[in-house]
Amino acid sequence: MIDLGLIRKSPQLVKERLSKRDKELARLIDQVLDLDRERRSLLTDIESLRAERNRKSKEIGLLRKQGKDSTAVEEEVRRIKSDIEGRQQRLEEVQRELKTLLLRIPNLPHESVPVGEDEEDNLEVRRWGEPPDFGFEPKPHWEIGQRLGILDFERGARLSGSRFTVVKGWGAKLERALMNLMLDMHSKKGYVEVLPPHLVRPEILEGTGQLPKFEEDLYKCERDELYLIPTAEVPLTNLFRGEILKEEELPIYLTAYTPCYRREAGSHGKDIRGIIRQHQFSKVELVKIVHPDSSYEELERLTLDAEEVLKTLGLPYRVVELCTGDLGFSAAKTYDIEVWLPSQNRYREISSCSNCEDFQARRMNTRFRDSKGKNRFVHTLNGSGIAIGRTIAAILENYQREDGSVEVPPALRDYLGTDVIRL
RNA sequence: GGAAGGGUGGCCGAGUGGACGAAGGCGCGGCGCUGGAAACGCCGUGUACGGGUUUCCCCGUACCGAGGGUUCGAAUCCCUCCCCUUCCGCCA
């Protein structure tokens with residue numbers, strides 16, 4: 001949520017920065033200002049009426065104690081009360097509208113974010129590694145996986161429909177090995193390993209920004225009013241919601257391995273083959289809860305921590321800085337890490353590292369008490385460290401051999417217990 | 001799923017319809033005492049929003065798990081929900 005105070009104080013600035021995402025957004029700010037003006041005027045009226053009511057109520061108590069008649073004053077208070085009620089109703093309406101509106105406005109992009117329309121305008125920041133030179137026609141991961149008996153698309157669909165895959169044998173072990181490798185790496189860097197709930201309440205998703213705007217992307221358990229998490233970012237970031245942290249407790253680094261559930265509404269026909277886009281995939285997530293002064297420095301380090309996984313696995317990648325038009329809802333700045341996929345002859349997103357500044361903290365009401373004793377919102381960051389399904393695809397493709405077997409990246413051999421995956 | 005008890009400030013804890021933002025204690029901060037410290041004494045110590053003045057100062061409103069209700073007036077009474085503890089049942 002953007003700071004209403006900022007909108008009120010510098011509406012022009014807010015409009016300009018939001019327009020870099022989408023020209024349409026500036027209009028919403030005018031609506032916010034109108035509602036806010038009405039809200040404040042109602043509030044002033046109501047509060048002075050209440051002050052009067054409180055004064056008179058006390059008077060009644062006094063009169064009664066003295067054994068005097070108080071019916072006249074009571075009548076007056078009743079009148080004030082009905083006066084309050086009318087305005088109160090309108091106030092609640094206005095506040096509801098204002099909140100819904102505010103919850104649907106995305107975060108302001110940071111000044112440093114390149115201005116652009118879509119992913120075409122993203123900025124490549126750096127590359128690491130060389131795409132492999134095979135000397136034969138590389139196969140896509142779904143063919144490699146099927147031939148090795150580790151990816152079973154037919155049976156996945158039989159159980160649950162399209163975009164669900166059964167992973168078996170060395171594939172299942174690969175997943176487990178990657179999970180351990182990643183968690184071990186991040187733990188060593190000071191991230192606290194967490195095993196969070198995978199089902200969360202609606203307000204938790206509102207805290208990180210998935211609700212109310214992206215309801216259709218989520219799986220919901222209707223009877224219990226719970227949603228399946230689309231990423232571990234959701235429970236991890238919300239861990240300290242409603243709390244006032246001590247300044248010394250910051251920064252907080254968290255990591256978790258969880259499955260992620262996404263309905264992928266609106267991505268029909270995209271990445272329909274293979275395991276690039278699934279309704280269920282695993283991911284190791286990184287979350288940081290930090291002091292506002294250091295959040296951009298923390299973003300650089302978070303991104304490097306995610307990159308480290310790809311370096312360790314020897315997978316070629318590049319880092320791109322998302323342009324304003326491609327930025328996610330809650331993010332002020334995002335680096336995507338894209339891994340090389342030989343079958344597609346291009347880099348594909350495998351991690352997304354964002355600084356949300358105080359956008360989520362405001363929604364979650366997570367604050368800290370600074371050295372002057374003032375309560376301030378924390379900054380929150382998150383990044384994949386990294387998506388395991390896509391890592392498996394990348395390993396199968398980048399480490400494939402002409403005979404259909406797959407070499408295991410050296411760093412993973414002890415975790416997996418083999419040097420090569422073959423039939 | 002059933003039964004009982006409970007949720008009050010940073011913490012503990014009192015408060016069952018009227019001067020209660022809330023006793024008391026702890027903690028924290030300041031001052032005093034002291035060569036210094038402990039102990040002791042005195043004073044202070046929540047948050048959010050709105051308004052004034054643009055100051056961290058004043059005024060007002062709200063907040064005693066959350067939301068509704070009763071009442072001239074609710075921490076206190078009623079309803080719904082959430083959470084915690086204990087016991088029983090069930091279960092991995």
Side-chain angles (χ1 to χ4, degrees), chain A residues 1-11 32-103 195-207 211-212 220-227 235 238-250 259 358 361-378:
Chain A
M1 202 151 58
I2 306 176
D3 181 11
L4 183 57
L6 181 70
I7 297 178
R8 196 150 61 208
K9 224 170 74 196
S10 1
V32 168
L33 287 168
D34 285 346
L35 285 167
D36 181 51
R37 220 168 291 133
E38 187 175 357
R39 179 185 139 261
R40 271 162 36 225
S41 119
L42 282 163
L43 206 58
T44 315
D45 290 352
I46 288 171
E47 286 185 353
S48 47
L49 284 168
R50 281 201 183 138
E52 202 181 333
R53 183 200 63 185
N54 289 348
R55 230 176 302 126
K56 297 239 156 93
S57 279
K58 283 183 183 170
E59 211 179 305
I60 292 168
L62 272 172
L63 286 171
R64 289 203 181 165
K65 228 166 250 172
Q66 297 165 4
K68 290 182 187 159
D69 176 60
S70 61
T71 46
V73 191
E74 276 172 44
E75 190 45 52
E76 242 179 298
V77 176
R78 253 189 289 267
R79 214 199 56 238
I80 296 169
K81 196 183 166 188
S82 70
D83 228 20
I84 293 174
E85 269 163 13
R87 284 164 219 247
Q88 182 78 33
Q89 223 165 26
R90 177 61 192 152
L91 178 68
E92 273 161 27
E93 217 175 283
V94 169
Q95 272 172 336
R96 234 188 338 267
E97 274 177 57
L98 185 60
K99 194 187 167 198
T100 332
L101 195 58
L102 240 27
L103 283 176
L195 207 154
H198 299 168
L199 293 159
V200 295
R201 299 169 186 280
E203 61 267 29
I204 301 303
L205 287 147
E206 192 177 290
L211 286 178
K220 183 178 186 184
C221 304
E222 203 77 51
R223 306 160 56 103
D224 300 295
E225 270 290 299
L226 291 169
Y227 292 83
N238 274 283
L239 225 44
F240 303 99
R241 82 179 349 250
E243 292 191 35
I244 298 172
L245 301 162
K246 297 196 181 82
E247 194 167 29
E248 316 85 79
E249 290 179 88
L250 302 177
D358 63 5
R362 218 173 269 287
R363 289 170 161 246
M364 300 184 303
N365 197 22
T366 304
R367 294 172 293 173
F368 73 99
R369 198 182 300 277
D370 72 11
S371 45
K372 291 191 198 108
K374 222 172 130 49
N375 293 337
R376 298 169 62 190
F377 289 109
V378 296

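In what follows, chains carry the letters A, B, and so on, assigned in the order in which the sequence lines appear, proteins first and then strands, with residues in each chain numbered from 1.
- To the nearest whole angstrom, the two P atoms, one in C33(B) and one in A23(B), are 30 Å apart.
- In this entry the distance linking CZ of Arg376(A) with C1' of A48(B) reads 18 Å, nearest Å.
- You'll find that the side chain of Leu62(A) is closest to A19(B), out of A19(B), C83(B), U61(B).
- Minimum atom distance to the side chain of Leu43(A) is reached by C49(B), of the listed C72(B), C49(B), U61(B).
- At the phosphate of C72(B), OP1 or OP2 sits under 4.0 Å from a side-chain N or O atom of Arg78(A).
- To the nearest angstrom, C1' of G9(B) lies 14 Å from CG of Asn375(A).
- Minimum interatomic distance between Asp370(A) and Arg376(A) (heavy atoms only, all atoms of both residues): OD2-CD, 3.1 Å.
- Nucleotide G5(B) forms a Watson-Crick or G-U wobble pair with C84(B), both donor-acceptor distances falling under 3.5 Å.
- Leu42(A) places its CG atom 14 Å from the C1' atom of U61(B), with the value rounded to the nearest Å.
- Atom C1' of nucleotide G10(B) and atom CD of Glu247(A) are separated by 16 Å, given to the nearest angstrom.
- Counting non-hydrogen atoms of other residues, nucleotides and ligands closer than 6.0 Å to CD of Gln89(A) gives a total of 12 or fewer.
- For Glu47(A), there are no salt bridge (Lys or Arg N to Asp or Glu O under 4.0 Å) partners, not counting sequence neighbours.
- Mapped onto RNA chain B by nearest heavy atom, Ile244(A) and Ile60(A) fall at different nucleotides, with Ile244(A) at the one closer to the 5' end.
- Atom CD of Glu243(A) and atom P of C11(B) are 11 Å apart (whole Å).
- Rounded to whole Å, atom C1' of G67(B) lies 13 Å from atom CZ of Arg96(A).
- The base-pairing partner of A75(B), taking Watson-Crick or G-U wobble contacts with both distances under 3.5 Å, does not exist among the strands shown.
- Across all strands shown, G17(B) has no partner, as no Watson-Crick or G-U wobble contact with both distances under 3.5 Å is found.
- Pairing of G27(B), defined by two Watson-Crick or G-U wobble distances under 3.5 Å, is identified with U45(B).
- Residues satisfying the side-chain hydrogen bond (donor to acceptor under 3.5 Å, both in side chains) criterion with Arg8(A), sequence neighbours excluded, are Asp36(A).
- Using P as the reference atom, G2(B) and A74(B) are 34 Å apart when rounded to the nearest Å.
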- Apply side-chain contact (heavy atoms from CB on, under 4.5 Å) to Arg96(A) and Lys99(A), showing your working. CA-CA 5 Å; Arg96(A) 234 188 338 267; Lys99(A) 194 187 167 198; 5.9 Å; no

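- The partner of C64(B) is absent, by the rule that a Watson-Crick or G-U pair needs both atom distances under 3.5 Å.
- Contact between the side-chain N/O atoms of Lys58(A) and the OP1/OP2 oxygens of C72(B) is not found at any separation under 4.0 Å.
- Among the heavy atoms of the strands, none lies under 4.0 Å from Ile46(A).
- With Glu74(A) as the partner, the salt bridge (Lys or Arg N to Asp or Glu O under 4.0 Å) test is satisfied by one option alone out of Arg53(A), Arg64(A), Arg79(A), Lys81(A): Arg64(A).
- Nearest to the side-chain atoms of Arg369(A) among the listed nucleotides C72(B), A62(B), U47(B) stands U47(B).
- RNA chain B is contacted by both Thr44(A) and Arg55(A); Thr44(A) maps to the nucleotide lying nearer its 5′ end (nearest heavy atom per residue).
- When the P atom is compared between C91(B) and U80(B), the two are found 31 Å apart, to the nearest whole Å.
- Arg8(A) comes within contact range of the sugar-phosphate backbone alone, with a heavy-atom separation under 4.0 Å but no base atom that close.
- Residue Arg39(A) is in sugar-phosphate contact alone, with no base atom involved, counting any heavy-atom pair closer than 4.0 Å across all strands shown.
- Classification of Arg55(A) and Glu52(A) as a salt-bridged pair fails, no side-chain N sitting under 4.0 Å from a carboxylate O.
- Separating the C1' atom of G30(B) from that of U85(B) is a span of 41 Å, rounded to the nearest Å.
- Look at the C1' atom in both U76(B) and C63(B): the space between them is 16 Å, to the nearest Å.
- Pair assignment for A39(B) gives none, since no Watson-Crick or G-U wobble pairing has each distance under 3.5 Å.
- Between the base of G18(B) and the side chain of Arg64(A) there is a donor-acceptor pair shorter than 3.5 Å.
- With both ends at atom P, the span from G13(B) to G7(B) equals 10 Å, rounded to whole Å.
- If you take atom P in C83(B) and the same atom in A66(B), they sit 15 Å apart, rounded to whole Å.
- For the C1' atoms, the distance linking U34(B) with C40(B) amounts to 12 Å, nearest Å.
- Ranking C83(B), U61(B), U47(B) by closeness to the Asn54(A) side chain, first place goes to U61(B).
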